[in-house]
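As C-alpha cells, the structure follows; a few thoughts come after it.
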Amino acid sequence: MSAVKAAGVRVTLDRKSILRGVDLAVASGSWHAVLGPNGAGKSTLLKAIVGILPYQGEIQVGGEAVAKLAAKARARLIAYVPQQPQLPADMTVAEYVLLGRTPHLGYLGVESRTDRAVADGALERLDLAGFAGRRLGAMSGGERQRVVLARALAQQAGVLLLDEPTTALDLGHQQQVLDLVDELRSTEGLTVISTLHDLSLAAQYADDLTLLVDGAVVAHGTAREVLTEQRIAEHYGARVRVFDDGAGRPVIHLVRDRRPG
C-alpha cells in the first residue's frame with residue numbers, strides 16, 4: 001500500500017506552471033528522494049503534499065485526501081521540515097520542540113507529561129539536550145536545522161517530509177541526521193520523502209528516487225536506474241563519473257575539465 005500517492009498534481013504560481021502532472025507513489029515505511037536541478041519543483045511538491053500550497057490533481061496520505069483534511073488532522077499524519085524555517089529568536093529550544101506536540105493536544109491545549117517526554121526524547125536523539133534552555137536566536141544555522149528536525153520528530157507523524165535536511169550541517173551532523181531518519185524509518189515504520197541536492201547521499205539512503213525537471217517527472221526507480229552518467233549530463237549539465245560503492249549503490253563524482261595551458 002502507498003503511504004503517499006500523488007496523481008496528476010499541477011501547481012501554478014503567479015501564472016507560472018511549477019508542477020505539470022506529477023505522479024508519485026511512496027510505499028509505507030520507505031525512503032523516497034525527490035531530485036532535480038534548481039527550479040525543478042522539488043520544494044513545491046513537498047509543500048503540495050503537506051497541504052500548504054494549492055494544487056490540482058489528487059494527493060492522498062494514508063488513504064486520506066490531503067485537500068479534505070483539517071490542518072490539525074494533516075499535522076497528525078505529516079511532519080514537514082522546510083528548507084528555510086522561520087524560528088522565533090526569543091523562544092527556547094525546548095519550547096520550540098514542544099510545539100511539535102500541538103496536533104496531539106486536547107481542547108485546553110495543555111501539554112502532558114507524555115508530551116514533554118516525547119519532546120525531550122527528540123532533543124536527546126539529535127544531540128540537543130544540552131541546548132534545551134538556549135534561545136533560538138543564539139544558535140548557528142546547523143544547530144537550528146537540527147532543532148527543526150527535533151520538532152518534526154516530536155510530532156510523531158507517520159510521514160516525514162524533509163526539504164534539503166542537510167543544508168547548513170557539517171559532515172558529521174549530516175551523517176548523524178540521515179542515519180537517525182533511516183533508523184526511524186526501519187524501526188518505527190516512518191515513511192520519508194526528502195529532497196536532496198547531493199545525488200550520492202540520495203543514492204545511499206533512499207529506496208527509490210524521482211527525478212523532476214521543469215516540473216515534470218523524467219525518471220523514477222532505484223538509484224542505479226535513475227542516476228546514470230548520461231541522464232545527469234542531460235538534466236544537470238554536469239560532467240560526472242558514476243561508480244559502484246561495492247554495495248550496489250552509485251557514487252557520483254564530478255569530472256574536472258582539464259584544459260591545456
Side-chain angles (χ1 to χ4, degrees), residues 1-6 22-38 40-43 45-46 49 61 79 81 83 125-126 145-146 149 152-153 158-167 169-214 216-258:
M1 177 182 175
S2 296
V4 178
K5 185 176 182 180
V22 172
D23 297 332
L24 191 71
V26 181
S28 180
S30 69
W31 187 326
H32 194 99
V34 180
L35 311 177
N38 291 339
K42 303 182 297 296
S43 297
L45 179 58
L46 294 196
I49 292 172
V61 175
V81 177
Q83 189 173 156
R125 283 192 157 191
L126 282 158
Q145 189 84 358
R146 285 187 286 144
L149 181 56
L153 295 183
V159 175
L160 178 61
L161 306 182
L162 302 171
D163 195 358
E164 295 294 341
T166 57
T167 298
L169 297 181
D170 60 42
L171 195 61
H173 281 116
Q174 284 185 33
Q175 190 171 60
Q176 178 191 19
V177 165
L178 294 175
D179 282 349
L180 172 59
V181 171
D182 198 37
E183 176 192 344
L184 291 170
R185 181 193 61 79
S186 299
T187 60
E188 300 183 21
L190 192 68
T191 301
V192 180
I193 304 176
S194 65
T195 67
L196 286 166
H197 276 303
D198 190 317
L199 303 183
S200 293
L201 277 182
Q204 286 292 312
Y205 286 92
D207 300 302
D208 291 288
L209 288 69
T210 291
L211 178 60
L212 282 181
V213 177
D214 293 330
V217 176
V218 298
H220 167 79
T222 65
R224 291 182 67 181
E225 293 167 337
V226 173
L227 298 176
T228 65
E229 292 178 4
Q230 180 179 354
R231 187 170 283 128
I232 294 170
E234 178 183 358
H235 297 300
Y236 284 87
R239 299 180 304 278
V240 300
R241 291 291 305 277
V242 177
F243 301 94
D244 191 297
D245 70 350
R249 293 182 179 271
V251 177
I252 293 85
H253 288 291
L254 290 173
V255 177
R256 179 184 175 186
D257 184 9
R258 297 185 178 274

If we ignore hydrogens and angles and just use 3.5 Å, is the side chain of [X] paired with the main-chain N or O of [Y] as donor and acceptor?
X: Arg224; Y: Asp244; value: no
X: Ser200; Y: Ile252; value: yes
X: Thr191; Y: Gly29; value: yes
X: Thr166; Y: Leu169; value: no

Under the side-chain contact (heavy atoms from CB on, under 4.5 Å) criterion, do Leu212 and Val217 qualify, and how do the steps go? CA-CA 5 Å; Leu212 282 181; Val217 176; 3.7 Å; yes
Nearest 0.5 Å, what's the [atom1]-[atom2] distance between [X] and [Y]?
X: Glu183; Y: Glu188; atom1: CD; atom2: CD; value: 8.0 Å
X: Leu162; Y: Leu196; atom1: CG; atom2: CG; value: 8.0 Å
X: His32; Y: Leu161; atom1: NE2; atom2: CG; value: 12.0 Å
X: Asp170; Y: Gln176; atom1: CG; atom2: CD; value: 9.0 Å
X: Thr167; Y: Gln145; atom1: OG1; atom2: CD; value: 5.5 Å
X: Asp207; Y: Asp182; atom1: CG; atom2: CG; value: 8.0 Å

Of all the heavy-atom pairs spanning [X] and [Y], show the shortest one and how long it is.
X: Arg146; Y: Leu126; value: NH1-O, 3.0 Å
X: His235; Y: Val218; value: NE2-CG2, 3.9 Å
X: Ala202; Y: Leu35; value: CB-CD2, 3.7 Å
X: Ser30; Y: Val26; value: OG-CG1, 3.5 Å
X: Leu190; Y: Gly158; value: CD1-O, 3.5 Å
X: Pro165; Y: Thr195; value: CD-O, 3.5 Å

Could you give me the CA-CA distance, side-chain angles and deciding distance for Ile49 and Leu24, then say whether side-chain contact (heavy atoms from CB on, under 4.5 Å) is met?
CA-CA 10 Å; Ile49 292 172; Leu24 191 71; 4.2 Å; yes
Point to revise | Check: Asp198/Gln174 side-chain N/O donor and acceptor closer than 3.5 Å | key: no
Residue set satisfying salt bridge (Lys or Arg N to Asp or Glu O under 4.0 Å) with Arg249, at least two apart, ordered chain then number -> none
Side chains of [X] and [Y], heavy atoms from C-beta outward: is any pair under 4.5 Å?
X: Lys42; Y: His197; result: yes
X: Val213; Y: Glu234; result: no
X: Leu180; Y: Leu153; result: yes

For Tyr205, the ring pair (Phe, Tyr, Trp, His ring centres under 6.0 Å) test, sequence neighbours excluded, returns Trp31
### side-chain contact (heavy atoms from CB on, under 4.5 Å) between Ile193 and Leu46, worked out
CA-CA 8 Å; Ile193 304 176; Leu46 294 196; 3.8 Å; yes
Exercise. Stepwise, does the side-chain contact (heavy atoms from CB on, under 4.5 Å) test hold for Asp23 with His220?
Worked result: CA-CA 10 Å; Asp23 297 332; His220 167 79; over 6 Å; no
